[in-house]
Amino acid sequence: MEENKRVLLGMSGGVDSSVSALLLKNQGYEVIGMTMELFNSGNCCNQETYIDAKNVCTQIGVPHFTYNFKEEFKKYVIDDFIDCYSKCLTPNPCIECNKYMKFGLMNEKAKELGCNYIATGHYAKIEYSEEYGRWVLKKSNAGKKDQSYVLWNIPKELIEHIIFPLADFENKEEIRKIANENKLKVANKPDSEDICFIPDGDYKRFLEENSDIKPKKGNIVHIDGTVLGKHTGLYNYTIGQRKGLGIAYKEPLFVVGFDKEKNEVIVGEKDYIYKSEMIVKNINLLLVDKILKPMKVTVKTRYSSMQESAIIEQIDDDTIQVNFDNPVARITPRTICCILFR
């Protein structure tokens, strides 16, 4: 039986997803472009987005559909973003969007359209591993632009049905060159780097205008209990922050935690922002079904952070203990931890 090579491609109207459509078609796939309406404004959620995506599809000769998922986006992404700040946690809107939208609702649409695959313009790689006997998620060749970190929560049963056409490219210049050679109008379109529903980057204003989170003064307290000054609202601060505290002290101080009940920002010297271990919950094991014994791995705790050597041990079905070889700075509650098997 001939393989079903129909693929639903998520298209943002940018150069990455546009070139992905072109590459997939040239590789013999039956491509269907799909753009999600997620928010009423923003760099990647406006009328220009939909027009650019549709125009590219028309130019290369593939169908394109736009679906309204604004309600779902608010429920799974925006409301989670607000809830995290209300609980002094670190939100990860792109992670939630990948989980519920791009690899959730988009996968459901793919099934409706008879597609065997879904694809996006992420810089990541899917390969079959003989060592692990399964399809695996790997880092792409794009170095610092690699996005495998933000794809940790892809359902393992979906991996073999995902295509990342940009997996083997090393930089964005290569992608723009392909776009220019094929006269795609989005070839030189600027990248969108802000949170899509906060295009001006002012998340504090967004929270104040779209939630019950409002400025509420409280104490800035040293970890030894000494009150050092006043803060303007817990949501204005983040773990590891040094600048903008507005307090004087004999040595540099950093935000090391929060006491929500007392409405306090806790600060301490540099040593206090380093941790030698952490507990990871809500795990998604892609290479193995269970970690049976302590294992040497490398770990990323932030998208832009270095990989850190550590030993991990699975405590129960949804918990992993991580012990770092060297202390790691600025680990925050709800930090995304990406464990890379060697």
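Note that this is a predicted model, so its numbers are computed, not measured.
- By the 4.5 Å heavy-atom criterion applied to side chains, Thr35 and His64 are counted as neighbours.
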Please list, one pair per line, the donor and acceptor atoms closer than 3.5 Å that link side chains of residues 104-115 to other protein atoms, with sequence neighbours excluded.
{"residue": "Lys109", "atom": "NZ", "partner": "Glu112", "partner atom": "OE1", "Å": "3.4"}

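- Proximity of Val265 to Leu234: side-chain heavy atoms (C-beta onward) are separated by under 4.5 Å at one or more points.
- Annotation for Glu251: atom CD counts as buried by contact number, over 12 foreign heavy atoms lying within 6.0 Å.
- Lys275 has its side chain out of reach of Val328: every pair of non-hydrogen atoms, C-beta onward, lies at least 4.5 Å apart.
- Between the side chain of Asp146 and the backbone N or O of Ser140, at least one donor-acceptor pair lies under 3.5 Å.
- Atom OG in Ser309 sits 7.5 Å away from atom CG in Asn326 (nearest 0.5 Å).
- Using a 4.5 Å heavy-atom cutoff, the side chains of Ile320 and Leu285 are in contact.
- Under the salt bridge (charged side-chain N to carboxylate O under 4.0 Å, His left out) criterion, the residue pairs touching residues 206-233 are Arg205-Glu209, with sequence neighbours excluded.
- For the pair Phe103/Thr120, a side-chain contact is recorded, criterion being any heavy-atom separation below 4.5 Å from C-beta on.
- At least one donor-acceptor pair under 3.5 Å links the side chain of Asn98 to the backbone N or O of Val150.
- The stretch residues 207-228 participates, sequence neighbours left out, in these ring pair (Phe, Tyr, Trp, His ring centres under 6.0 Å) pairs: His222-Tyr249.
- Between Ala167 and Ala124, the shortest heavy-atom contact is CB-O, 3.0 Å.
- Both Ile126 and Leu8 sit in one connected hydrophobic cluster of ILVMFWY residues. Membership requires side-chain heavy atoms under 4.5 Å apart, directly or through other members.
- Counting only residues at least two apart or on different chains, the salt bridge (charged side-chain N to carboxylate O under 4.0 Å, His left out) pairs with a member in residues 84-99 are Asp83-Lys87, Glu96-Arg334.
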Note to self: For Asn180 and Asn188: C-alpha separation, side-chain torsions, deciding distance, then whether side chain to side chain contact (heavy atoms under 4.5 Å, CB included) applies.
What the structure shows: CA-CA 8 Å; Asn180 276 305; Asn188 299 307; 3.6 Å; yes
Check: Given the rule in the side chain to side chain contact (heavy atoms under 4.5 Å, CB included) test, do Gln314 and Ile283 qualify, once you have shown the distances and angles that lead to the verdict?
Finding: CA-CA 10 Å; Gln314 188 168 350; Ile283 65 177; 4.0 Å; yes
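- Leu24 CG to Ile32 CD1: the interatomic distance, rounded to the nearest 0.5 Å, is 12.0 Å.
- Not a single donor-acceptor pair under 3.5 Å links the side chain of Arg134 to the backbone N or O of Ser129.
- The backbone N or O of Val15 sits nowhere less than 3.5 Å from a side-chain atom of Lys189 that would complete a donor-acceptor pair.
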Item checked: Steps toward side chain to side chain contact (heavy atoms under 4.5 Å, CB included) verdict (Phe169, Ile178) -> CA-CA 11 Å; Phe169 291 92; Ile178 293 173; 3.6 Å; yes
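- The hydrophobic cluster of Leu292 has no other members, since no ILVMFWY side-chain heavy atom comes under 4.5 Å of it.
- Nearest heavy atom pair, residue Gly240 against residue Phe254, reads O-CD2, 3.4 Å.
- Val56 and Val7 fall within the same hydrophobic cluster, defined by Ile, Leu, Val, Met, Phe, Trp and Tyr side-chain heavy atoms under 4.5 Å apart, directly or through other members.
- Separating the CD1 atom in Ile266 from the CG atom in Leu253 is a distance of 12.0 Å, to the nearest 0.5 Å.
- For the pair Ser211 and Ile82, the tightest heavy-atom approach, listed with the atom from each and the gap, is CB-CG2, 3.4 Å.
- Put simply, the side chain of Asn284 gets close to the backbone of Ile154: a donor and an acceptor are under 3.5 Å apart.
- By the 4.5 Å heavy-atom criterion applied to side chains, Thr301 and Glu308 are not counted as neighbours.
- Partners of Phe81 according to the ring pair (Phe, Tyr, Trp, His ring centres under 6.0 Å) rule, which considers only residues two or more places apart in sequence or in another chain, are Tyr85, Phe197.
- Screening residues 21-33 for side-chain hydrogen bond (donor to acceptor under 3.5 Å, both in side chains), with sequence neighbours left out, gives Arg6-Glu30.
- Within the structure, ring pair (Phe, Tyr, Trp, His ring centres under 6.0 Å) contacts touching residues 265-314 (residues at least two apart or in different chains) do not occur.
- Here the side chain of Lys54 pairs no donor or acceptor atom with the backbone of Thr66 at under 3.5 angstrom.
- Residue pairs meeting the salt bridge (charged side-chain N to carboxylate O under 4.0 Å, His left out) criterion with at least one member in residues 63-76, sequence neighbours excluded: Glu37-Lys70, Lys74-Asp79.
- Annotation for Val299 and Ala310: closest pair CG2-CB, 3.9 Å, computed over non-hydrogen atoms.
- Residues Trp135 and Trp152 share a hydrophobic cluster, clusters being chains of Ile/Leu/Val/Met/Phe/Trp/Tyr side chains in contact below 4.5 Å.
- Across all their heavy atoms, Ile331 and Met278 have their closest contact at CG2-SD, 3.8 Å.
- By the criterion of side-chain heavy atoms lying less than 4.5 angstrom apart, applied directly or through intervening Ile, Leu, Val, Met, Phe, Trp or Tyr residues, Phe164 is not grouped with Val31; the two fall into different hydrophobic clusters.
- Residues passing the ring pair (Phe, Tyr, Trp, His ring centres under 6.0 Å) test with Tyr100 are Tyr76, sequence neighbours excluded.
- In this structure, the side chain of Ser276 does not engage the main chain of Pro327 through any donor-acceptor pair within 3.5 Å.
- For Asn219 (side chain) and Val221 (main-chain N/O), no donor-acceptor pair under 3.5 Å exists by modelled atom type.
- One distance of note links CD1 of Ile220 with OG1 of Thr226; it measures 13.5 Å at 0.5 Å rounding.
- At distances below 3.5 Å, at least one donor-acceptor pair connects side-chain atoms of Asp318 with backbone N or O atoms of Asn282.
- At distances below 3.5 Å, at least one donor-acceptor pair connects side-chain atoms of Gln59 with backbone N or O atoms of Asn182.
- The residue from Ile273, Leu245, Val256 that alone fulfils the side chain to side chain contact (heavy atoms under 4.5 Å, CB included) condition with Val267 is Leu245.
- Within the structure, the salt bridge (charged side-chain N to carboxylate O under 4.0 Å, His left out) test picks out the following pairs touching residues 155-181 (sequence neighbours left out): Asp16-Lys172, Lys125-Asp168, Lys156-Asp289, Lys172-Asp191, Arg176-Asp191.
- Lys138 approaches Ser148 most closely through the heavy-atom pair O-CB, 3.9 Å.
- In this structure, the side chains of Leu9 and Tyr117 stay at 4.5 Å or more apart for every pair of heavy atoms.
- To the nearest 0.5 Å, atom CG of residue Asn55 and atom CD of residue Glu48 are 10.5 Å apart.
- As a member of the Ile/Leu/Val/Met/Phe/Trp/Tyr network built from side-chain separations under 4.5 Å, Ile279 groups with Ile315.
- Enclosure of atom NZ in Lys260 is not indicated, since only 12 or fewer non-hydrogen atoms of other residues, nucleotides or ligands lie within 6.0 angstrom.
- His231 places a side-chain heavy atom less than 4.5 Å from the side chain of Asn263.
- To the nearest 0.5 Å, atom CG of residue Asp52 and atom OG of residue Ser12 are 9.0 Å apart.
- Tyr235 and Phe206 fall within a single hydrophobic cluster, where Ile, Leu, Val, Met, Phe, Trp and Tyr are joined by side-chain heavy atoms under 4.5 Å apart, directly or via other members.
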